[in-house]
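The next block holds one structure in the form of structure tokens; read it before the comments.
Each chain gets a letter, A, B and so on, in the order the sequences are listed, and its residues count up from 1.
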There are 2 protein chains.
Amino acid sequence: MASRAKATILDIAREAGVSKSTVSLVLQGSGLIRPETAVKVRKAIEDVGYVYNRGAANLRKAHSNVIGMVINDLTNPFFAELAVGMERVFQAAGIVPFIANTAENPVRQEEVLKSLLEQGVAGLIVSPARGTTPGAFRRIETAGVPIVFTMRRLPESRIPVIAPDNHRGAFIATEHLIRKGHRRLAFFGGSSDLVVYQQRLGGFLEACETQGIPVANRTIVEGETSRKGGMACLETALAAPEPPSAALCFNDAVAFGVMLALRKRGLEAGADFAVVGFDDVAEAEHYMPALTSVAVDTAGLGERAAHVMLKMIQARTTRAEDHIGAVSLVVRESCGPSRSARGTGMGDAA
Amino acid sequence: MASRAKATILDIAREAGVSKSTVSLVLQGSGLIRPETAVKVRKAIEDVGYVYNRGAANLRKAHSNVIGMVINDLTNPFFAELAVGMERVFQAAGIVPFIANTAENPVRQEEVLKSLLEQGVAGLIVSPARGTTPGAFRRIETAGVPIVFTMRRLPESRIPVIAPDNHRGAFIATEHLIRKGHRRLAFFGGSSDLVVYQQRLGGFLEACETQGIPVANRTIVEGETSRKGGMACLETALAAPEPPSAALCFNDAVAFGVMLALRKRGLEAGADFAVVGFDDVAEAEHYMPALTSVAVDTAGLGERAAHVMLKMIQARTTRAEDHIGAVSLVVRESCGPSRSARGTGMGDAA
DNA sequence: TTGATTTATTGGAACGTTCCATCTATAGGC
DNA sequence: GCCTATAGATGGAACGTTCCAATAAATCAA
């Protein structure tokens, strides 16, 4: 129970027989203090069970050391990986990021942002929720708090974005499927209100165009970006008179759902239907069959976002450049056996 | 860019032609204010782009509305599910929980807790990192901040714990395996420095005892609580002269690893070797084969923890009762086909 | 010795809020 | 007309820190 009233630097000052200013200096690790004095003060701090009141300090300092990470879906392992990447960087910089989840709900997002702002965050890293209104970040911008978007961008905003090269990722994945001999292709999952969706779908379509897949042979099924959504997509697609033989999925969760639905129908991913995912979450490698996916270097993107944020805070600016991360296709089993036997001379490695 | 200096209630007061006290009252939704005045003030707030400074407010009020959730491994979907359960409750109560990840690192945990405390949290929900020293929470307790542990408990601490009935879960899972006819059993993953481990292992051993499985037929392999750890456990166990035919795993991640290792050896979980997990994460149902697991009602535990925390804050106490959640075995494919044909008269449903 | 410089320490005025005690109208009762 | 209520609004003193300017003590240059 200790003392009821919380100890302040004045209590410590009294205990150590110095002034509050001295205590404050010690707390900030100032070199101006005589070592013996510092020791004395630190002992008093320990004895008294003092806890620093950052709120009071921020009142004067006007720049906190907390950064908010606002994430749209914490249960998606992809975002957990992203968060871990950011944390690595922030930890090294001695600052603690607080994570808040919006569960893809713009209203909740509003609350979360408000709360973080009131708390006096130094910066915000945000993966905006679906359906975020264009003006949602106006307030934060005028408050002068630096923001970085990750993964998703808002249609017309000028807030810097850290994201993978979605277009190219979808392009190379689709190209790969076509080279495998598939001529009827599908794009599964996601919805067109997301910029990311348009980018990935764009890459898919461009590859179809380039490789001469006629429009009639392209199936596009929107759906939830979850296993359940993926299952539904496959059902829809297979119900068509001339169903596709391969699909690029909006993300890995959708791909897992597609594979699940295939299995339910007694079909095998890879042999009977080629499936490619997007994001390459850790699980992809361990799935059965292992999922071919577009690797986006998730943790690396997180680290990059954190670095950009630190730079912005340091430079006291709210502007920064976008960063588009490189992507690569990780070929595993779900897109069919390697056709190396055909000896086309084009390795899958590229 | 707007105005450089942040607006305060005094700016609003000037703008609206009232006193700062009036603005403060409006901000708190006091009924003492004439509606027209409130409207006027709210308009000024909007015009000026004011953001509330909670730090300054807490300086007077001495109780914040932020709650910290300290989680030991965010990449484990289990904890994400737990966090989501808590968030549901807190959201309804109008408070925003901040999540911080310790990545199972006691040093990081120390930093995170310190930061949260300095921020003036009203309460802390913690799943302590492995290797947490007994005194790690002393400071927080003396500060009078309510804490609740989830999932894990510290050896001798008197901090309330919300956790599933680990012993019983392991017991019923083991009993199930024995009833299926297995006589050589293993317990895979985890390490003995965790109280949870001792509870789950205890349940396993008690079931072996009760059902007459001799000590020589029990294999216990400690290991990392991850897929990789699970793979290693299986390899170790199968190298023995008389290997087990079934395993209860410390958690689902370990179980997934075990199934993966089985597949690598050309064996099939369920048919060749029975696997049971613990936690019943969402993925378990969708795995191939679907994983039999001990369901702990993860989100429910999260909700319960949040409720207990709210009660503690409200009652201004730092004491609360433990809560042990009910568990149930969800039988799927990974523990072998149902032997209903044998007609033992004992259904699996119980 | 004196004055200048350096080294440690310190009081006091912010910072943006809340809340208590006051104050001013206006209304009502007689 | 006076007194008392009541509703609405307000000034001022905290809250726990930082930081500037000032001080005191010690060191040094001459």
So, does A:R34 get its side chain near the phosphate of C:dT7, meaning an N or O under 4.0 Å from OP1 or OP2? no
Will you find, in the side chains of A:S21 and A:S24, an N or O donor that is under 3.5 Å from an N or O acceptor? no
Does A:N72 use its side chain to pair, donor to acceptor, with the backbone of A:T102 at less than 3.5 Å? no
It should be established whether A:T22 places a side-chain nitrogen or oxygen under 4.0 Å from OP1 or OP2 of nucleotide C:dA8. no
Note the angle between the end axes of the helix from C:dT1-D:dA30 to C:dC30-D:dG1, five pairs defining each, rounded to 10 degrees. 50°
Under 3.5 Å donor-acceptor, A:R152 side chain and A:V161 backbone: no
Interatomic spacing from CG in A:N76 to CD in A:E81 - rounded to 0.5 Å: 9.0 Å
Has the side chain of B:K6 got a donor or acceptor atom that lies under 3.5 Å from a matching backbone atom of B:V51? no
Over 60° means perpendicular and under 30° means parallel, so tell me whether A:F149 and A:F137 are parallel, tilted or perpendicular. perpendicular
Taking atom types as modelled and ignoring hydrogens, do the side chains of A:Q109 and A:T132 form a donor-acceptor contact shorter than 3.5 angstrom? yes
Sugar-phosphate or base contact per nucleotide [nucleotides 15-28 of chain C; S, B, -; heavy atom under 4.0 Å]: BBBBB---------
Of the non-hydrogen atoms in A:A299 and A:R88, which two are nearest, and what is the gap between them? CB-NH2, 3.5 Å
Rounded to whole angstrom units, what separation is found between the CZ atom of B:R14 and the C1' atom of D:dT10? 16 Å
